[in-house]
Amino acid sequence: MEANAGMVAGSHKRNELVRIRHDSDSGPKPLKHLNGQICQICGDTVGLTATGDVFVACNECAFPVCRPCYEYERKDGNRSCPQCKTRYKRHKGSPRVEGDDEEDDVDDIENEFNYAQGNSKARRQWQGEDADLSSSSRHESQQPIPLLTNGQASGEIPSGTPDNQSVRTTSGPLGPGEKHVHSLPYVDPRQPVPVRIVDPSKDLNSYGLGNVDWKERVEGWKLKQEKNMMQVTSRYTEGKGDIEGTGSNGEELQMADDARQPLSRVVPIPSSHLTPYRVVIILRLIILGFFLQYRTTHPVKDAYPLWLTSVICEIWFALSWLLDQFPKWYPINRETFLERLALRYDREGEPSQLAPIDVFVSTVDPLKEPPLVTANTVLSILAVDYPVDKVSCYVSDDGSAMLTFEALSETSEFARKWVPFCKKHNIEPRAPEFYFAQKIDYLKDKIQPSFVKERRAMKREYEEFKIRINALVAKAQKTPEEGWTMQDGTPWPGNNPRDHPGMIQVFLGHSGGLDTDGNELPRLVYVSREKRPGFQHHKKAGAMNALIRVSAVLTNGAYLLNVDCDHYFNNSKALKEAMCFMMDPALGKKTCYVQFPQRFDGIDLHDRYANRNIVFFDINLKGLDGVQGPVYVGTGCCFNRQALYGYDPVLTEADLEPNIIVKSCCGSRKKGRGGNKKYIDKKRQVKRTESTIPIFNMEDIEEGVEGYDDEKSLLMSQKSLEKRFGQSPVFIAATFMEQGGIPPSTNPATLLKEAIHVISCGYEDKTDWGKEIGWIYGSVTEDILTGFKMHARGWISIYCMPPRPAFKGSAPINLSDRLNQVLRWALGSIEILLSRHCPIWYGYNGRLKLLERLAYINTIVYPLTSIPLIAYCVLPAICLLTGKFIIPEVHDSST
């Protein structure tokens, strides 16, 4: 080696030699005689250049990449080397891309701006292999969309297993080192070692030199080991969440213990953080009391109206502060154990015992809510990590738009290719628009050649899918005079969005609804409820209640999860996260819903319109979770179907007899048997113990439910049930099935007819829908009302914040949309304030805790704060103009 050749570093394990380039080196010196190298991205040979030399994509580290992968990365990828992160320079014959610097040694004018002709030979080479996959899936047999009457859903579970062959690299002092699974091709030791040329003027951390990433890896390993030991040796005492080490007597004993342990636990906020917060609240409360005492006892007689106005405003501000602070008195965190859930309900090789879930997606106007956004939400639901025979997706089209119907049809066809791709490679997120927007690091993420090729082919399939959806949107911009017609020539039933029949279409989940691998897909159902003039349809709340009924008739999932059309599943395990609470033996029978926080995409860096609502989602709802549970925020919420039907929760003796602290802080009262009986008789409600008896007069129907001893009891029972749930015997029977599901002998044709019946516009007349059961009517913010009614009956709710956000949505991007959104929330709060369901006076005979009531009161009165706020801001100007002040003047006694 020459004296001025620079420093050389190497790694025997990686068969790599690194030479740090000296300042005197004129340029990069890629090695020759490396013919036969394998591309580390797609697995093809690297190939030769036009001069016969080995193609070297990166002149800094000589990482083996073939020409097609190099071209793809420059056009659609990160435009940088996967190993050293150095930006790729343009080689001769490569089209110019944005950001390329002018290079003196490259003169290739004919290919600078032409991607279609530049390097066409190489492009045909790498597209040829993937073209078969794309074209074969594109020209597969187009089966007609199956109706519900074409068959019944089978119980097969697709064999979509996580991709366990991924290579995960970690960095040591000399760069990426140990790999968990080695899928790189065999390197012949007789071949020359590739030299990694490094520029000393650059930061060596970009090459992995001097990197201290190994310390973080060791710390992460230690934390993982500690967590595993805690899970092995931990046991919960009395279901309170406290951990008691008991040891283990082997793997079988460990599995048996895990199967009996709770599926979640409460993680209290450290007292070192919580105590100072509470002390500050108490100090502020004391100071506030002295301040208000002084202000009320020292009136200003010369400016009495101004003084009185200021005092009223200050008292209102103080009350608003109290309503906001005290519900946050006891914040908590929660942790779920998905492995325990799988061990108890989803063992490998056995039929899954997880509960069935119906997922609701609501949309109205496809021109305001783009069909492509709705399609991404639906695709993320269909690809969720949950048994396919346990998931059903219902899309409510409350605008009866043919555009939504056709877009959903296209989505169902694309799902046959997208769902198996997601489950095969275990990707996140599973909404294609947001997944393909991510940049992939081929060293840290998936680097199998099969994955790279399939990803590129799937991206081309998705681009074609987007073109078809956008073509439908462009076509729908102008409505024909005669109205829309379907493919068979019949008029579209929903041409008049205010006067049309109910429509139901099952796209997936029955015979013919299989993916490209032959596996069953989750059920996908299009629903548009009937609308006629002269009927009150109650907007979104009415649409959600229609979905409750139609889903109970068709699938009857034990739990419901509703999302807006622009909120996609960012975490494919979100349903399992919710089931850790819903299927927990201790919590499940008294939990009405599990609320997930809202997270948004596309928010500017400074969040100028406060779309993230950090204080509300990260502080307020955590505080309510320690009281009786968070409020329902309208989306990203998993419901217990029994709670929506108006059933009381299963309460333990501890819940019925709270301790002194809970009595004083949360307003619970112990009731005697006589008082309970009087209250039940008065309100015609029955407290549940271990059964599922709905809230109506049990004395009227008890005999009929048990066996229908005579015609009179049968008639009384039938009338009571129909008065509450409506005149549908199939739906009424479904309300008594706590575990969900439909009888296997049910006739599909009968179910379809009954499903059309329960979404008719007159079905809810003279029933309790919207009053006591389902989504509650009376406000545009139906979410607040619905959650409040459940909490008033004694249900609790859970706030679940998994490390990876469960859902992500779209937020207003301009001031006008944001103001309209806030105005709608404010109007909804005022509607609740003036209704009979106002938390100030409603539900005192129930089991709503005091701090929970204060939180609901704060939710509905906050719009009124604008009035004293404006008045208080105007007072200083009035004082300056009149020369009178709202505080008494201080006189010097010496004068």
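Side-chain contact of D817 with N820: a donor-acceptor pair under 3.5 Å is absent, judged by distance alone. A side-chain donor-acceptor contact under 3.5 Å links Q821 and R818.
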Worked check of salt bridge (Lys or Arg N to Asp or Glu O under 4.0 Å) between D398 and K539: CA-CA 8 Å; D398 218 30; K539 299 181 179 180; over 6 Å; no
ring-ring contact (aromatic ring centres under 6.0 Å, His included) assessment of H538 paired with Y777: CA-CA 7 Å; H538 302 289; Y777 303 150; 3.7 Å; yes
Verdict with reasoning, Y559 to F639, per ring-ring contact (aromatic ring centres under 6.0 Å, His included): CA-CA 6 Å; Y559 303 101; F639 285 93; over 10 Å; no
CA sep, side-chain torsions, deciding dist, call: K573, E428, salt bridge (Lys or Arg N to Asp or Glu O under 4.0 Å): CA-CA 10 Å; K573 299 184 183 298; E428 295 283 0; over 6 Å; no
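A donor-acceptor contact shorter than 3.5 Å links the side chain of N611 to the backbone of P812. Side chain of D397 to main chain of A401: a donor-acceptor pair is present (N/O by atom type, distance under 3.5 Å, no hydrogens or angles). Between the side chain of R529 and the backbone N or O of G502, no donor-acceptor pair lies under 3.5 Å. Looking at S728, its side chain does come within 3.5 Å of a backbone N or O of F731 through a donor-acceptor pair. Checked by atom type and distance alone, the side chain of D564 never pairs as donor or acceptor with a backbone atom of D566 at under 3.5 Å.
Using a cut-off of 4.0 Å between Lys/Arg side-chain N and Asp/Glu carboxylate O, D499 and K531 are scored as not salt-bridged. Taking 4.0 Å as the cut-off between side-chain N and carboxylate O, R612 and D618 do not count as a salt-bridged pair. Between K466 and E461 no salt bridge is recorded (no basic side-chain N to carboxylate O distance below 4.0 Å). Using a cutoff of 4.0 Å between basic side-chain nitrogens and carboxylate oxygens, E530 and R532 are scored as salt-bridged.
Between F421 and W418, the ring planes are tilted. Angles from 30° to 60° get that label. Ring geometry for F569 against F807 counts as perpendicular: the plane angle is over 60°, on a 0 to 90° scale with 30° as the lower cut. Using cut-offs of 30° and 60° on the angle between ring planes, the pair F405 and F507 is tilted.
Proximity of L644 to N640: side-chain heavy atoms (C-beta onward) are nowhere separated by under 4.5 Å. Between I469 and E406 there is no side-chain heavy-atom pair separated by less than 4.5 Å.
One finds the OH atom of Y799 at 10.5 Å from the CZ atom of F596 (value rounded to the nearest 0.5 Å).
Here the options are N556, T555, N562, the test is side-chain hydrogen bond (donor to acceptor under 3.5 Å, both in side chains), and the partner is D358; only T555 passes. Remark: of the listed residues Y435, Y462, Y568, Y462 is the sole one forming a side-chain hydrogen bond (donor to acceptor under 3.5 Å, both in side chains) with N376.
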